[in-house]
Amino acid sequence: MAPYLLSPSNLRDVMSSGNVSVLDASWFRPGSPRKPLQEFQAKRIPGAQFLDLDEVASPHELGLKHMMPSERFFADACEKFGIHSNSHVVIYDTYGVFSSPRALFMFRAFGHQKSSILDGGLPRWEAEGFETEGIPPTGEKTSTYPTPVLDGASIRSYEQVVANSLLNPASDPAVELVVDARSRGRFLATDPDPRPGLSSGHIPHSFSLPFDVFLKTHTVPNTSINYTTILSEPELRQALVDAIGADQAQLVLTGNRPITTTCGSGMTAGILWLGLKLLGVPNVALYDEVCTDHA
């Protein structure tokens, strides 16, 4: 199994060893003027390919984006990228750490354990002096990728989350904790949801754990460029304790209390999932249909 996180120098070493596929999984919120594919075409890590998380996804009756793809759809996407079942897949984004954890979750849930993210993403790669390219990608890559089996324990459905929300974790040790990666204002319904027609608020009995609590922001010296990295394990542990309390955190960390991450669209829930995985939490899942279903 590959490490969850790689530094730029780690990635350089991995790239020199061969059998690595680097994917830019940048994604921007609806309404953002930024265009991830255009930015990728203009500047990327050499040899990288663009992973569109809204395209490598299953359709949903409510129009939800970046839902988990089917097993064969995922395998077909890997074949188009030239990814083999033993390839080391390294994923980055242009914020630092934002959408790459969701892509990593997808690979891990389909059993591709040899997968990592670039901690700090493209901005850190550049800040540490590594080269980029902007020439058009050349040559199509192909491979044969076997149809994987989705790890059902890693993901939660709408029905599962609704059933769990009817139970109180304070009185029932079998109930899963749900942590919400959205801002505290949206969680408390004191701030509006940025998407028209959707209300704020939260799933009953869930806890607020904004995704940026798990991140550290850096500024590239002598510039206004910022990027994020994942906190150290002690800092992640403290952030978890602050959000759900020391007793519940201990239960989660020892595997005696399952925990599920959620957010507004399924993207930043990946950051909480990654942080919990780095802490060694054994029973952590991601709610794929997310709070849009509850609005």
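If you read the sequence from its start, that first residue is 1, and numbering goes on from there. It should be emphasised that the depicted structure is a prediction, and the values quoted were computed from it without experimental measurement.
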No-hydrogen, no-angle side-chain donor-acceptor test under 3.5 Å, H112 and S85: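 Note: H112 and S85 side chains miss the donor-acceptor criterion.
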
Side chains of N226 and T219, donor plus acceptor under 3.5 Å: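 Yes, side-chain donor-acceptor contact under 3.5 Å.
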
Donor-acceptor under 3.5 Å ([X] side chain, [Y] main chain):
X: R124; Y: Y227; result: no
X: T268; Y: F211; result: no
X: Q49; Y: F81; result: yes
X: S32; Y: F28; result: no
X: E235; Y: S232; result: yes
X: E55; Y: D52; result: no
X: T228; Y: V97; result: yes
X: R257; Y: P169; result: yes
X: N10; Y: S7; result: yes
X: Q41; Y: G134; result: no

Nearest 0.5 Å please: distance from the [atom1] atom of [X] over to the [atom2] atom of [Y].
X: T260; Y: N283; atom1: OG1; atom2: CG; value: 9.5 Å
X: R182; Y: L209; atom1: CZ; atom2: CG; value: 12.5 Å
X: S21; Y: H84; atom1: OG; atom2: NE2; value: 7.5 Å
X: S26; Y: F98; atom1: OG; atom2: CZ; value: 10.0 Å
X: L23; Y: D93; atom1: CG; atom2: CG; value: 12.0 Å
X: T217; Y: L215; atom1: OG1; atom2: CG; value: 7.0 Å

Worked check of ring-ring contact (aromatic ring centres under 6.0 Å, His included) between F107 and F74: CA-CA 9 Å; F107 274 89; F74 171 80; 5.0 Å; yes

Do [X] and [Y] share a hydrophobic cluster, counting only Ile, Leu, Val, Met, Phe, Trp and Tyr and linking them when any side-chain heavy atoms are less than 4.5 Å apart?
X: V213; Y: V241; answer: no
X: I244; Y: V175; answer: no
X: I155; Y: V252; answer: yes
X: I91; Y: L118; answer: no
X: I230; Y: M106; answer: yes

Side-chain touch [X]/[Y], heavy atoms, less than 4.5 angstrom:
X: F130; Y: P8; value: yes
X: F73; Y: D76; value: no
X: L11; Y: I45; value: yes
X: L274; Y: L5; value: yes
X: E79; Y: T144; value: yes
X: V20; Y: V22; value: yes
X: I203; Y: V161; value: yes
X: V178; Y: Y287; value: no

Member of I83, N19, L6 meeting the side-chain contact (heavy atoms from CB on, under 4.5 Å) criterion with H88: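 Single side-chain contact (heavy atoms from CB on, under 4.5 Å) partner of H88 among I83, N19, L6: L6.
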
So, for [X] and [Y], which heavy atoms are closest and what is the spacing to 0.1 Å?
X: V220; Y: A127; value: CG2-CB, 3.9 Å
X: V90; Y: I117; value: CG1-C, 4.4 Å
X: F110; Y: S70; value: CZ-O, 3.9 Å
X: W273; Y: P101; value: CZ3-O, 4.0 Å
X: E233; Y: L279; value: O-CD2, 3.4 Å
X: L167; Y: H205; value: O-CD2, 3.1 Å

Has [X] got more than 12 heavy atoms of other residues, nucleotides or ligands less than 6.0 Å from its [atom1]?
X: K216; atom1: NZ; result: no
X: N86; atom1: CG; result: yes
X: Q113; atom1: CD; result: yes

Stepwise side-chain hydrogen bond (donor to acceptor under 3.5 Å, both in side chains) test for R108 and S154: CA-CA 9 Å; R108 294 285 178 130; S154 69; over 6 Å; no

Candidate pair L53 and M267, rule side chain to side chain contact (heavy atoms under 4.5 Å, CB included), full reasoning: CA-CA 9 Å; L53 288 170; M267 190 62 69; 3.9 Å; yes

Evaluation steps, salt bridge (charged side-chain N to carboxylate O under 4.0 Å, His left out), between D288 and R102: CA-CA 10 Å; D288 196 33; R102 170 66 196 212; 2.6 Å; yes

D24 vs L51, side chain to side chain contact (heavy atoms under 4.5 Å, CB included): CA-CA, chis, key distance, verdict: CA-CA 6 Å; D24 181 338; L51 168 59; over 6 Å; no

Basic-acidic side-chain contact under 4.0 Å: E126, K43: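 Salt bridge present between E126 and K43.
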
E39/R34 salt bridge by N-O under 4.0 Å criterion: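 Answer for the salt bridge query: yes.
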
Working for side chain to side chain contact (heavy atoms under 4.5 Å, CB included), residues Q248 and L240: CA-CA 9 Å; Q248 292 293 351; L240 180 65; over 6 Å; no

Aromatic Y145 / basic R72 pairing, under 6.0 angstrom, 45° off normal: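 No.
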
Pair Q160-N164, side-chain hydrogen bond (donor to acceptor under 3.5 Å, both in side chains): steps then yes or no: CA-CA 6 Å; Q160 288 173 314; N164 188 75; over 6 Å; no

From CA spacing to verdict: side chain to side chain contact (heavy atoms under 4.5 Å, CB included), V14, R12: CA-CA 5 Å; V14 168; R12 176 200 57 196; over 6 Å; no

